[in-house]
Amino acid sequence: MNIDSIRIEFDAVEGAIRRLLGVIEARGFDVKAMTMGSDLNRSNMTVGVAPRDENRCVDLLSRQIARIEGVRHVARVTPTPVREVVHGAVS
Amino acid sequence: MSAGAATAINEQRQPVPAERTGAALVVETLEALGVTHLFGYPGGAIMSVYDALSRSNLKHVLVRHEQAAALAADAYGRVTRRAGVCLATSGPGATNLVTGIANAFMDSTPLVAITGQVAQSFMGTDAFQEVDIFGLTLPIVKYSMIIRDARDIPARLAEAFEIAESGRMGPVLVDLPKDVQQARVDGYSAPVRPQRSPREPEAPALRAAEALIAAARRPLFYIGGGVARSGATETFRAVADKARIPAVATLQGLGALPSDHPDFIGMLGMHGHRAANMAVQESDLLIVIGARFDDRATGNLAGFAPEAKVVHIDPDAAEIDKLRTANAPVCSEIGLALSALNIEAGDISEWRARVETLKSTYAQRYNAPGGGVYAPALLKTLSERAGDSFVAACDVGQHQMWVAQHCRFSRPEAHLTSGGLGAMGFGLPAAIGAKLADPDATVVAVSGDGSFMMNVQELATLRRYRIPVKIVLLDNSMLGLVRQWQDLFFEGNYSEVDLSDNPDFVDVANAFGIEAFAVERREEVDSAIERLLAADGPILMHVRIDPEENVWPLVPPGKSNADMMEKSHEH
């Protein structure tokens with residue numbers, strides 16, 4: 001599975017997280033990992049995303065995220081290793 | 001209440017009391033932001049705003065269904081390029097706005113939708129008429145907000161209008177909890193709109209575009225709705241008149257060049273003009289302005305304009321390279337880009353001659369056999385007789401495509417159509433919004449019998465305010481476009497498209513107090529158009545058309561625009 005990581009800085013306002021994750025899913029990507037932090041007015045999120053089909057382009061997704069009101073910066077970052085957990089598997 | 005009393009409803013105002021509620025602040029702020037008209041429907045969670053509204057100078061248009069409020073406000077925004085405003089209560093009032101909000105989102109029109117909400121202490125408790133309209137509309141708004149403190153009302157409403165009207169326009173939802181509307185606020189500070197700088201083109205991008213244009217032998221303007229939305233129509237026309245490059249338009253781009261402009265070929269796409277689609281296929285450079293390569297315009301992308309490089313001018317970076325890679329992307333406000341771009345085509349005389357051949361070879365024909373009304377001819381004549389003041393507010397279906405194919409448009413605002421969403425029921429509310437936005441226009445709602453029934457209740461709004469909208473109802477007693485597709489692609493299995501039990505539409509209109517008459521024969525059309533255009537008040541012309549009539553040409557789903565089907569394909 002090809003997972004890309006996107007770092008997003010955005011205004012910490014009501015609905016911002018739902019809006020961001022909604023765009024990612026609606027544009028054809030699964031959210032595979034997520035870390036987030038906030039200070040008073042600003043939040044940042046790093047999301048691991050996987051395209052649902054080969055026609056989905058993460059650069060285009062980044063631009064679609066960047067145009068969301070309140071998003072301050074979007075960048076692709078070095079992928080964080082994501083461990084896939086098979087349902088029921090115990091390690 | 002009589003219609004006369006209703007018309008006067010906004011004329012007897014009382015002074016605003018010194019002590020302000022949040023609701024009064026909403027109304028004062030809207031006035032300060034230059035709003036003159038609102039379209040809405042009251043209910044429990046928005047009553048405080050309606051109470052304040054009765055003391056304001058705002059003209060509220062009481063529709064009969066909230067969807068119509070949103071669609072009318074959408075059209076108002078298309079015509080004025082200022083955000084149309086709609087207002088509804090919480091719960092079902094808010095959910096009824098959803099189709100109109102989605103429509104504005106898909107067609108990038110400026111809209112501010114204000115919804116009442118249950119009090120904050122009740123939010124999240126499944127209270128009566130509580131719906132998370134903020135969450136529900138997240139995918140279909142440019143932005144949305146819940147105002148949680150009445151003191152924030154001026155600034156947040158100013159922000160809402162600025163977002164709706166700037167850059168790539170779109171809808172903004174403002175949710176107003178009841179307690180915020182009722183809260184007492186000391187003083188009033190006028191709203192200050194945050195000013196956003198328009199995106200300017202970068203010089204290297206402009207030079208790259210100019211080089212491609214200069215080198216092209218078969219260049220073509222590909223005009224989208226963004227040209228008009230961004231207020232760049234005149235700038236584009238000046239550029240086009242100087243460059244003399246042939247042009248095609250999307251459904252939303254129609255009117256950016258007048259229909260009879262010598263360089264205009266026609267609409268491209270699924271029901272586009274054959275000459276336009278062929279020109280696109282033969283072009284070696286598409287200069288795409290404010291368009292997004294919608295699938296209805298391109299057909300199968302793999303086979304679309306196979307020989308063409310692309311200059312793509314658009315203020316939205318997310319549209320560049322989304323569906324077709326741009327060789328020269330120019331991400332900028334369209335007017336600024338066109339002003340800065342030096343469009344000098346090389347010798348394209350052969351190409352211009354080829355385009356002229358295509359236009360004459362595939363010119364529209366209006367010599368349909370039989371004595372019944374031929375809708376394309378009627379629409380063409382109507383738009384020509386109405387002249388430059390003609391505005392068509394279309395519903396969705398076959399009639400919508402005939403309007404796009406055959407009407408004469410002098411300006412983009414003359415063609416109001418639900419393009420991206422394709423929302424049946426758009427036509428009549430849109431005509432109401434357009435007529436209030438441009439009282440001098442000859443606004444014609446062109447509808448079909450399927451679409452018309454989706455917002456038929458707005459005849460009451462026409463009557464209430466005596467809005468002189470003209471309605472042309474093309475009745476084939478069918479869901480015509482669905483029937484056409486079932487005919488062509490489902491082996492003639494007509495499933496649930498028969499509407500032959502429609503009511504008598506003349507009787508329906510009369511019951512609402514609207515003048516109406518019927519047309520059944522071709523020889524009646526001339527005098528019918530004359531009567532329609534001469535009417536001082538709202539009027540409905542019910543036109544019987546052949547249920548078997550199809551829209552031609554047609555690019556079958558999944559096919560390239562080169563594979564257009566013509567009338568000869570009919571069974």
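Each chain gets a letter, A, B and so on, in the order the sequences are listed, and its residues count up from 1.
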B/Glu159 and B/Arg193 ion-paired at < 4.0 Å: no
Assess the pair A/Phe10 and A/His73: is the distance between their ring centroids shorter than 6.0 Å? no
Residue B/Arg81 excluded, over 12 heavy atoms near CZ under 6.0 Å: yes
Chain A: which of B/Met145, B/Lys142, B/Glu319, B/Arg196 shares the most heavy-atom pairs with it under 4.5 Å? B/Arg196
Of the backbone (N, CA, C, O) and the side chain (C-beta and beyond), which part of A/Arg18 lies under 4.5 Å from a heavy atom of chain B, both, or neither? both
Please determine, among B/Pro139, B/Gly167, B/Ala317, the option with the most heavy-atom pairs under 4.5 Å with chain A. B/Ala317
Where does A/Val13 contact chain B at under 4.5 Å (heavy atoms): side chain, backbone, both or neither? side chain
Evaluate whether atom CD of B/Glu202 has more than 12 neighbouring non-hydrogen atoms of other residues, nucleotides or ligands under 6.0 angstrom away. no
